[in-house]
Amino acid sequence: MQIIRLAAAFFAAFTLTITASAKSLVPVGKTVAVKMFSDGVMVVGVEEGMASELEKGDVITHINDTEIDTVIQLKEIVNSCDGHELDVRVNRDGHVINTGVTPVTSDGAYKLGLWIRDSMAGIGTVTFYDPATGQFGALGHGVNDVDTGRLLPLEDGAIMGSEVASVKKGQAGTPGQLTGRFDDMTDIGKVTLNTEYGIFGVMNDKNLWTGETLETAKTNEIKNGPAQIISNVQGDEVQRFDVEIIKQNDSRDDRNMVIKVTDERLLAITGGIVQGMSGSPIIQDGKLVGAVTHVLVGDPTKGYGVYIENMIKHGEIV
């Protein structure tokens, strides 16, 4: 078992059949550990005076026509180049750029002067599950690199079962967080999409999550007023907590709603919305209306939510 904390923020060829016409889903509210591996390696920092053609946020996909998937693979190629210029292909904001980079020696090894990353991990919450297809949606927002803020280009990913080991309560100016305990040897589902509206995939066991299905609400059915969130903030217990939808904004991507925690039980445990609760389903009038996405740093009793219609729509292959 390992302990993992959620980072400050948290396109495989696989066919999903979740569509905007989906009518009923199981709201889950259970935490999971998420591990994701990038399609290429992401440049998260550039040492001044080195690799000047490369920029923070670039994703290195090839060196000398060899596809690059891991940091170890890149280091092996650089170390064996004998100081010769390397042809580097990167993805920069969706555009392919080719450039030449000559490694330099440092501490007895060849280096490009880059800080790079090929994977990320954290704790989040599953929003919904479709028992007919085994598909799930989680987080309500994308998994972004913590240094660049860029959406991680997904090569492969998985979720693992988790329970909450401890809670750091949120305070004004300092977001709280859940600390999860999980089994990193057992994947319970495959992550196939990383989008601005959440991560999506398929469970290994269609019978793992069971429960009552709820009809999904259309955006125009959602109103300001009382609602509930389903969340896992103690052990492996999933509970319902009272909240209030206090504002709506159709144009703000994964921040369509502002919600306020009104349940004294949740305020006593977490202080409000904390990191790791992202993805907690929002229920209103017996319908699944959305998912928690972010905390308001200045007031942890409040947070943002995404409309369920947006999550479902972006769970499709596009």
Side-chain angles (χ1 to χ4, degrees), residues 9-10 15-30 124-133 135-144 151 191-202 209 211-231 238 240-263 266 272-273 277-296 299 301-318:
F10 222 110
T15 302
L16 286 177
T17 57
I18 295 173
T19 68
S21 63
K23 282 297 183 182
S24 59
L25 299 165
V26 176
V28 179
K30 182 74 178 69
T125 299
V126 176
T127 306
F128 63 79
Y129 172 64
D130 185 345
T133 63
Q135 296 165 352
F136 68 87
L139 303 188
H141 61 72
V143 174
N144 297 326
L151 196 70
V191 179
T192 58
L193 279 175
N194 180 29
T195 79
E196 293 180 353
Y197 294 85
I199 64 171
F200 303 88
V202 178
W209 288 324
E212 179 187 7
T213 59
L214 294 183
E215 185 178 348
T216 57
K218 298 183 182 301
T219 298
N220 60 12
E221 295 178 306
I222 303 168
K223 59 184 182 294
N224 291 349
Q228 290 185 314
I229 61 172
I230 303 176
S231 200
V238 175
R240 289 200 180 207
F241 299 102
D242 292 330
V243 299
E244 184 176 359
I245 300 173
I246 60 175
K247 187 177 181 181
Q248 296 184 61
N249 186 348
D250 292 348
S251 64
R252 282 299 306 275
D253 297 336
D254 59 355
R255 304 187 184 195
N256 302 136
M257 298 175 278
V258 177
I259 63 171
K260 180 178 176 62
V261 176
T262 58
D263 198 306
L266 185 57
I273 306 298
M277 289 173 62
S278 297
S280 297
I282 304 172
I283 310 300
Q284 187 179 64
D285 295 334
K287 292 185 178 182
L288 175 59
V289 303
V292 176
T293 59
H294 302 80
V295 60
L296 271 69
D299 182 359
T301 67
K302 298 178 183 177
Y304 291 107
V306 63
Y307 292 142
I308 193 63
E309 275 196 328
N310 284 341
M311 281 194 74
I312 291 172
K313 179 172 66 176
H314 287 84
E316 296 179 288
I317 294 291
V318 294

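Taking each heavy atom of T213 and P131 in turn, the nearest pair found is CG2-CG, 4.3 Å. Considering every non-hydrogen atom in both I308 and L288, the closest pair reads CG2-O, 3.3 Å. Minimum heavy-atom separation, P281 to V28: CG-N, 3.8 Å. Counting all heavy atoms, side chain and backbone alike, L214 lies closest to P27 at CD1-CG, 3.7 Å. Closest non-hydrogen pair, T195 versus H314, comes out as CG2-O, 3.5 Å.
The closest donor-acceptor contact from the side chain of D242 to the backbone of D263 lies at 3.5 Å or more, if one exists at all. One N or O on the side chain of Q248 and one on the backbone of I222 form a donor-acceptor pair closer than 3.5 Å.
Among residues two or more places apart in sequence or in another chain, the side-chain hydrogen bond (donor to acceptor under 3.5 Å, both in side chains) test is passed with K223 by D285. Looking at residues two or more places apart in sequence or on another chain, you find a ring-ring contact (aromatic ring centres under 6.0 Å, His included) between Y129 and W209. For T219, the side-chain hydrogen bond (donor to acceptor under 3.5 Å, both in side chains) criterion is met by E309, not counting sequence neighbours. Residues satisfying the side chain to side chain contact (heavy atoms under 4.5 Å, CB included) criterion with V243, sequence neighbours excluded, are A227, I229, V261. Applying the side chain to side chain contact (heavy atoms under 4.5 Å, CB included) criterion to L296, with sequence neighbours excluded, gives K302, Y304. The side chain to side chain contact (heavy atoms under 4.5 Å, CB included) search around E244 returns I246, T262, not counting sequence neighbours.
Judged purely by distance below 3.5 Å, without hydrogens or angles, the side chains of H294 and S278 never pair a donor atom with an acceptor atom. Judged purely by distance below 3.5 Å, without hydrogens or angles, the side chains of N256 and N310 pair a donor atom with an acceptor atom. Judged by distance alone, the side chains of D130 and Q135 never bring a donor and an acceptor atom under 3.5 Å apart.
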Verdict with reasoning, I282 to M257, per side-chain contact (heavy atoms from CB on, under 4.5 Å)
CA-CA 10 Å; I282 304 172; M257 298 175 278; 3.9 Å; yes
Can you check side-chain contact (heavy atoms from CB on, under 4.5 Å) on I245 and V258, steps first, answer last?
CA-CA 6 Å; I245 300 173; V258 177; over 6 Å; no
Using the rule given for side-chain contact (heavy atoms from CB on, under 4.5 Å), can you reason through L193 versus I199, listing the C-alpha separation, both sets of side-chain angles and the distance that settles it, and then say yes or no?
CA-CA 5 Å; L193 279 175; I199 64 171; over 6 Å; no
For a side-chain contact (heavy atoms from CB on, under 4.5 Å) check, start with the C-alpha distance between I283 and R240, then their side-chain angles and the critical distance, and finish with the verdict.
CA-CA 9 Å; I283 310 300; R240 289 200 180 207; 3.9 Å; yes
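Between L139 atom CG and M311 atom CE the span is 7.5 Å, to the nearest 0.5 Å. Here T293 contributes atom OG1 and Y307 contributes atom OH; the two are 12.0 Å apart, rounded to the nearest 0.5 Å. Atom-to-atom distance recorded for S24:OG and E215:CD is 8.0 Å, nearest 0.5 angstrom.
The environment of CD in E221 is crowded: more than 12 heavy-atom neighbours from other residues, nucleotides or ligands sit within 6.0 Å.
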